[in-house]
Structures are given as structure tokens and as C-alpha cells.
Amino acid sequence: MSLAFDENGRPFIILREQEKKKRVKGLEAHKINIMAARTVASLMKTSLGPKGMDKMLVSPDGEVIVTNDGATILEKMEIHHQTARLLAELSASQDNEIGDGTTGVVVLAGAILEQAQKLLEKGIHPLKIADGFDQACEIAVRQIDEIQQELDIFKNDHAKLRACAKTALGSKVVSSCQEHYADLALKAVLHVADLERRDVNFDLIKIVAKAGGSIEDSSFIEGIVLDKEFSHPQMSKKIENAKVCILTCPFEPPKPKTKHGLEIKSAADYEKLQQMETNYFTDMVARVKNSGATTVLCQWGFDDEANHLLMQNGLPAVRWVGGVEIELLAIATGARIVPRFEEITPEKLGTTGSIEEVAYGTSGEKIILIKDCVHSKAVTVMIRGGSKTICDEAKRCLHDAICVVRNMVKNNNVVGGGGATELACSIAVSKEADKIRGVEQYAVRAFADALEEIPLTLAENSGYNPIEYVSKLREEQVSTENPFVGVDANHQGTTNMSEQGIFESVMSKKQQLELAT
């Protein structure tokens, strides 16, 4: 502490706080970083599996989110520690690449770090630990390749594909109607999938959530849904074989670019000005009408007079259509986006089977359905729910299920869910550990122990004694040589995941292991 004076001679005291702070180095620094990451992983443990808890997150401005989706929880948490933030990025990466398994990857990473801390305390060098973990991960991935099963995803009306979607939905809010949501995901993906190339274009699947009704009322719509209504209540509500004109210019008179003043001295001047404006609108509507269009979709607003003229000319119109929807509609209907009225030609119009305004729910909210588009297989899933919170969570659940079905279309190999695969990999890694020379052997064994964290956590969340239950499963897997023996989280009475129909995509499992390591 020292005394100093400012330019006016007033004294002030300088406190030297910096001297009390120390830079942490070596093993202590490793421990602090591992502890931060493990804290995040332990938070996520309770959300793993079908009996996992939901988390309620409250934002600084009071917005409430109820979810058990790992990626969403970590995205909304304010994590300041850099190492802990890496786990959030890990979960986000799993969500972007695979779409499912976002909680599992964080729990597994936390378990690996816990084992790393024990090895560090034994005095093993971090590089040796890292090399051992890499070797163990390769052994585990090889084991997955050996135990994977190929599913015929087209057999029995896609029954196995539906089972994979139901596995993803089992731990979600919509688990009470997971059959219905699995069907929605299945219909959406198979409708837009290119099965020859094994590719799914996600841009063609649109998920719209509207509060009201129950989650069982969610429906699949072949076509595009606009959360709008026709601009005039007297416009016809259904147009068959519609010719669509897509505009990105407003139905308004042109505005001068520079500052201007307008002087009106008499009623005749005012009438002249009004006539001039009317002529603008008449010309705009005439250009659209003469092109052969029967419906107008505009990105901008309409003047009331233009709206009235469109109604009189029998041209149903929708205003304020979003940019993303405009592009999707242009692709689906084969229309060209027109930026100026002078450029409207019959060749730039799109065609669609029908455009219809439909009232939804008890509140009479209106939406516009665009069906049977010529150039596209675009589909929409309309999600209903008692509140906005439920709708948002149901939307996230459906996204996960759609991602799982997409992964199965790309790679139809599966492994057992319910921690069965992690247990099988753990057994394989333990066996291989004895054959490895050098200090890395300790790290490989530690990795095998870390893999057991997933079945242990699932057993704990399902109400079993975790250590006792998992040791029984391990003994059963070794004696029967069945890699599909896992945690019976739904209390079905069998530990065979294949019989329960609990499958997980090979892509998801491999990605989890590689990301966590």
C-alpha cells in the first residue's frame, strides 16, 4: 500500500492486490482445469438416459427453458472457465455433426478427465496419458466395427428405423407419444431422402411450432407452411393449380431518393396527385395479372389501395413473407424471384397444386399451406403443445429424432443402446491393455474404466445400485459374448437391447468416443 497525490493535490491510496495473486503451474494447474470440466460433466450426468432429469434454465431477462438436451443446456449456461467451455463446444460439435448423444459425450469426457487426474497424481507424464488414451480410443472404435449389425431399414415398413428414432426420443419430454413423433421423423426424412445417394437435404424439412392443443396433435404436411394469412379477408381461401408470382418489391408508389418538397395549392392538384398514385397501383396489379399469375407472394408490405385492387382483380396475395421462405418457395415452385414489376414475365412464374388458408386450433390462428409443388419434395412438420416452452422442447426432440433417422439412411449399421456398447468396448480395451508395453498401459486401463461411466450413470438414474448392477452386466456380456447386453432403464425385464429394440447409430457412437477423447 502506498500514498499518492493527484494533480489537485488530493491524496489517494494505491492497494497492491496483484502481489497476493499467484500463477498456478504444473500439476496444480492440471487439477484446477480438470475440476472445472468435471463440474460441468457432473451437472449433465443427471440428464442422461430415459429416466434422466430435465433442467430448468432461467436467462437474465427471465426467459425459462425446460430441457434435457445436453447441447441446449450447455449453450444456455454462462460458462466462464475456458476448459469447461471446451466441453460445451464438444457438445455443440456432436449436435452439429450427429444431432444426438450430446449429453453422453460430455459425461464420457468428464469420466476420462477424472481418470487422467488419478494418473497425474501417480506421476505419469501428461503426454504418456494422452498417447494411452488415443490407443484405447482406436481399440474401442475397432471393437464398434466388430460388434456392429447391419439393419434392413426398409423391412417391415421401416420398423427398425422407427425403433432407432424411438430410442432417441425415449429420454425426451415427448416420450409419452414417442410412437407418433418417431413416425413424424420417419415420414419427414424418407419424403426428402435421396436413397440412391444415401443423402438427406435438411433444408427441405421445415419444423413449425405453434402453441395450443396437445403434443399428440402435431402433424406432418406434404408441402410448405407459411405462418401468415391472405392480406385481405375477402380474398378466395383456396386456389387450385396456382401460378405463383414471387416479388421482392413492395406494392407502394416509388419514393424519391433525395429530399423533396411537394406544394399542393388546390383541390385539383390533390386529385391529380391521387390519380397519379392510383395509376401506379393499377399498373403494378395489371402487370401481375397480365403475366398469368393467380397468386402473389411478396416479401414486403402492401398499400391499402393496392390490397383492395388485388382483391378486386381476383389475385389472392400474402405479404411480409420471410427471406428464407421466399427462397424455399422459389425452389419448390420453380418460380424466379422478381425484384421489379417491369421484369414480371410468364416464364418467371412458379406452379403448385394448391394454396390454401387454414384455421388452426381453438384460437383460430391462420396458416397458409402450399401443397404439391412441382420441383420439390419440401415438407413441414407442424408441432403443437400446451405452451411455448413445451413446443420449443418438442421441436428440439423432433430435430434429434430426424437427425438419427438421417444418420441411419447414411449408414444403416447399429450397435446396442443402454450403455451396452460402452461396456463391450470397456471389456475389449481392458483385454488389450495387458498386451501394451510401457506406461501407456495404465492410461489404456483407465480409459476402460472411464467407458463404464455411461452404464453406471444410466443404472443410477434408473434407480438401480450402479456398481452391483453394472458388474452383473459385465459378467453377463463376458459369459454370453453378447455385446447387446445393457442397462434395462425402462424396467422391461430384459437386459438384451436388441430384444427391447434399443439401437444407436454407429456414426453417433464413434463420434462420441473420438470427440470425448
Side-chain angles (χ1 to χ4, degrees), residues 191 204 206 208 221-254 277-360 364-380 382:
H191 205 276
L204 297 175
K206 192 168 173 239
V208 178
I221 298 155
E222 286 185 34
I224 296 167
V225 171
L226 294 178
D227 194 3
K228 305 282 174 193
E229 55 186 286
F230 285 123
S231 57
H232 198 291
Q234 289 176 316
M235 286 175 176
S236 54
K237 303 299 179 195
K238 187 170 184 178
I239 307 102
E240 299 284 350
N241 300 319
K243 290 273 184 190
V244 183
C245 177
I246 297 177
L247 297 170
T248 54
C249 45
F251 271 94
E252 289 174 355
E277 197 175 83
T278 308
N279 292 345
Y280 269 124
F281 292 134
T282 312
D283 180 51
M284 287 172 184
V285 175
R287 282 177 191 272
V288 175
K289 186 84 174 168
N290 296 340
S291 70
T294 56
T295 313
V296 181
L297 301 172
C298 184
Q299 192 176 5
W300 301 102
F302 299 165
D303 195 287
D304 286 346
E305 194 165 342
N307 203 12
H308 173 69
L309 284 168
L310 283 165
M311 190 270 294
Q312 277 193 329
N313 282 278
L315 279 172
V318 184
R319 54 185 161 191
W320 300 116
V321 182
V324 177
E325 282 123 332
I326 285 272
E327 286 176 21
L328 193 60
L329 286 163
I331 295 165
T333 59
R336 298 280 296 279
I337 296 171
V338 182
R340 286 200 299 273
F341 285 98
E342 290 79 12
E343 293 179 24
I344 299 174
T345 57
E347 299 80 51
K348 290 182 180 176
L349 301 180
T351 48
T352 178
S354 71
I355 297 178
E356 184 182 359
E357 185 180 280
V358 180
Y360 243 90
E365 284 186 62
K366 295 187 177 75
I367 56 165
I368 288 173
L369 297 182
I370 299 166
K371 293 184 178 177
D372 308 324
C373 301
V374 283
H375 287 283
S376 171
K377 302 182 285 186
V379 296
T380 305
M382 172 75 92

Donor-acceptor under 3.5 Å (Thr352 side chain, Lys371 main chain) = yes
Value for OG1 (Thr345) from CZ (Arg287), rounded to nearest 0.5 Å, stands at 11.5 Å
Just by distance, do the side chain of Thr295 and the backbone of Val244 share a donor-acceptor pair under 3.5 Å?
-> no
Determine the minimum heavy-atom distance between Gly350 and Ala335, stating which atoms define it.
-> N-CB, 3.4 Å
Say you draw a straight line from CD1 of Ile337 to CD1 of Ile326; how long is it, rounded to the nearest 0.5 Å?
-> 6.0 Å
For Tyr280, look at atom OH and say whether over 12 heavy atoms of other residues, nucleotides or ligands are found less than 6.0 Å away.
-> no
At their closest point, which heavy atom of Glu305 faces which heavy atom of Thr278, and how far apart are they?
-> OE2-OG1, 3.1 Å
List the steps and the verdict of side-chain contact (heavy atoms from CB on, under 4.5 Å) for Val324 and Leu328.
-> CA-CA 6 Å; Val324 177; Leu328 193 60; 5.6 Å; no
Separation between CD1 of Ile355 and NZ of Lys237, rounded to the nearest 0.5 Å = 13.5 Å
Would you call Glu325 and Lys206 a salt bridge, using N to O less than 4.0 angstrom?
-> yes
What closest approach, in Å, do Pro250 and Phe341 show between heavy atoms, and which atom pair accounts for it?
-> O-CE1, 3.5 Å
Between Pro316 and Gly314, which heavy-atom pair has the shortest distance, and what is it?
-> CD-O, 3.4 Å
Decide yes or no on side-chain contact (heavy atoms from CB on, under 4.5 Å) for Leu309 and Met284, but give the supporting numbers first.
-> CA-CA 10 Å; Leu309 284 168; Met284 287 172 184; over 6 Å; no
Test side-chain contact (heavy atoms from CB on, under 4.5 Å) applied to Leu247 and Trp300, step by step | CA-CA 8 Å; Leu247 297 170; Trp300 301 102; over 6 Å; no
Arg319 and Lys228: CA distance, side-chain angles, deciding distance, side-chain contact (heavy atoms from CB on, under 4.5 Å) verdict | CA-CA 8 Å; Arg319 54 185 161 191; Lys228 305 282 174 193; over 6 Å; no
Where do Met382 and Ile367 come nearest, in terms of heavy atoms and distance?
-> CE-CD1, 3.2 Å
Any sub-3.5 Å donor-acceptor pair from Lys348's side-chain atoms to Val338's backbone N or O?
-> no
Asn307 side chain reached by Met235 side chain, heavy atoms, under 4.5 Å | yes
Check Gly292 against Lys243 and note the closest heavy-atom contact, atom names and distance.
-> O-CB, 3.5 Å
Value rounded to 0.5 Å, distance of OG in Ser236 from CD in Glu356 | 11.0 Å
Hey, does Gln312 have a side-chain heavy atom less than 4.5 Å from the side chain of Val285?
-> no
CD1 on Ile344 to SG on Cys245, rounded to 0.5 Å = 4.5 Å
Classify the ring geometry between His308 and His232 as parallel (under 30°), tilted (30 to 60°) or perpendicular (over 60°).
-> tilted
Please tell me if the side chains of Thr333 and Ile246 come closer than 4.5 Å, counting only heavy atoms from C-beta onward.
-> yes
Answer yes or no: does atom CZ of Arg336 have more than 12 heavy-atom neighbours from other residues, nucleotides or ligands under 6.0 Å?
-> no
When rounded to the nearest 0.5 angstrom, what is the spacing between CG in Leu297 and CD in Gln299?
-> 11.5 Å
